[in-house]
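Sequential numbering from 1 along the given sequence is applied to the chain's residues. Order of listing sets the numbers, starting from 1, for every ligand and every atom in it. This structure is a prediction, so every number in the text was calculated from the model and none was measured.
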Amino acid sequence: MGTVKPETLRRNEWPPEDWRGRFYLADLHVHSRYSRATSRDMHLPALARTAREKGLQLVGTGDFTHPDYFRELCELLEPAPEEGLYVYREDPEGPRFILSAEVSNIFSQGHRRNRRIHTLILAPSLEVVREINLALSRLGDLSADGRPTFGFPVKKLVRLLREISPEILFIPAHAWTPWYSVFGAFSGFDSVEECFEEETEHIHALETGLSSDPEMNWRVSALDRYTLVSNSDAHSPSKLGREANAFWYPMSYPALSQALRTGNLAFTVEFYPEEGKYHFDGHRSCGIYLSPSETRRHGGVCPVCGGRLTVGVMHRVEELADRPEGFRPPGKPLSVHLVPLEEIIAEALGVGSQSKRVKKTYRQLIELGGSEFSLLLEKDLSELAEFVPERILEGIRRVREGRVYVRPGYDGVYGVVSIFTPEEGPSGDQGPRQQSLF
Ligand SMILES: [Zn+2]
Ligand SMILES: [Zn+2]
């Protein structure tokens with residue numbers, strides 16, 4: 001409420017139609033119910049089922065370091081036809097699984113004492129995971145949390161695990177979040193090299209996280225050599241695939257590893273980073289939000305009350321950026337922004353996204369359309385028009401075209417993405433088409 005500026009229109013990139021069928025969608029970073037603050041429903045059968053509904057062909061297991069969860073993985077997974085990947089035993093034709101885990105390192109390095117870095121780890125087989133877990137269990141408590149914490153530098157984690165298998169992959173997780181990331185304002189570093197030192201050459205990819213998108217990262221030329229990936233970091237099934245990666249077929253662990261090394265992937269699926277609570281700078285009690293350059297122009301103080309502004313993630317990116325906004329380095333994958341289908345439905349119907357009507361409509365549309373990504377990303381609008389109510393269809397069209405308004409989050413206030421403008425009126429009337437179908 002009381003913001004100083006109107007919402008702004010955000011443009012979007014979109015994959016060409018002839019790419020259809022050539023890429024698969026992968027979400028590499030999720031958590032199991034053994035992680036803190038994670039839904040009890042996060043277990044392998046639910047991951048398999050939800051990945052199918054979302055339209056993900058590959059999903060991380062999450063949390064392979066946890067002894068109980070690892071036991072479940074050994075029981076419930078069997079090798080997929082694709083090298084280095086697995087399937088849920090009860091759904092052998094279903095989504096593929098890649099063994100994944102997240103580790104937290106809290107340590108001193110350089111001039112700062114309290115470094116806190118999260119790293120996503122991918123492994124090529126259950127046998128390798130067994131060795132990883134054995135090695136890590138000597139250095140910390142793996143059963144305390146699905147995301148275990150260690151007190152040694154993250155570069156040591158890389159060295160230790162690389163000695164177990166050179167095929168293990170390391171991806172600094174949600175690279176810009178203030179408290180637990182490689183570039184975090186409060187606990188991170190100014191460069192990958194400063195953090196990983198002699199192990200830097202083994203870091204090929206960075207996870208941009210929900211609060212940043214590739215466009216923001218492209219402004220830092222030092223990051224050009226890294227493949228930017230996007231994952232959901234889901235703590236509950238419905239969040240699966242809210243960010244994802246489109247890799248080119250064929251699918252296999254070695255091919256994925258190669259794609260992360262070369263950056264040759266089709267696109268990433270992005271959340272609008274403006275939705276994050278600390279995207280822009282601002283002052284909550286005054287309802288003021290500013291871009292980093294506006295903050296500088298105001299000398300870091302709130303233009304209303306004169307108090308200090310809370311600095312956001314965008315500002316941190318700008319501190320390290322050496323390129324102007326809008327710069328696009330050549331040869332980078334497309335950056336495709338999506339709005340979750342439940343949110344599109346909610347806005348189209350003019351009801352809350354957690355409402356029964358939204359859930360019911362979502363289920364029906366998934367049943368008719370195959371999966372969420374097939375509706376949002378793949379099917380022609382003319383095909384969708386056969387079963388998607390008009391206003392929802394219009395929502396999907398606008399999301400695809402990037403005709404979406406964003407109001408950035410700031411100082412703990414969530415940002416807002418809206419598809420329809422207030423002038424377009426409330427949406428109580430869905431027209432005869434929807435009434436006949438539902
Ligand atoms: Zn994390
Ligand atoms: Zn103020």
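Considering just the N/O/S atoms of H118, the one nearest the Zn ion (ligand 1) carries the name ND1. Of all N, O or S atoms in E102, the one lying closest to the Zn ion (ligand 1) is OE2.
Two rings, from Y24 and F247, have their centers less than 6.0 Å apart.
Two residues are said to be in side-chain contact when any heavy atoms from C-beta on lie closer than 4.5 Å; K332 and T268 fail this criterion.
Between W248 and F23, the two ring planes are perpendicular [angle over 60°; tilted spans 30° to 60°].
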(request) Give the intermediate values and the outcome of salt bridge (Lys or Arg N to Asp or Glu O under 4.0 Å) for residues R316 and D281. (result) CA-CA 10 Å; R316 177 66 184 146; D281 305 333; over 6 Å; no

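For the pair SG of C305 and ND1 of H283, the angle whose vertex sits at the Zn ion (ligand 2) is 100° to 10 degrees.
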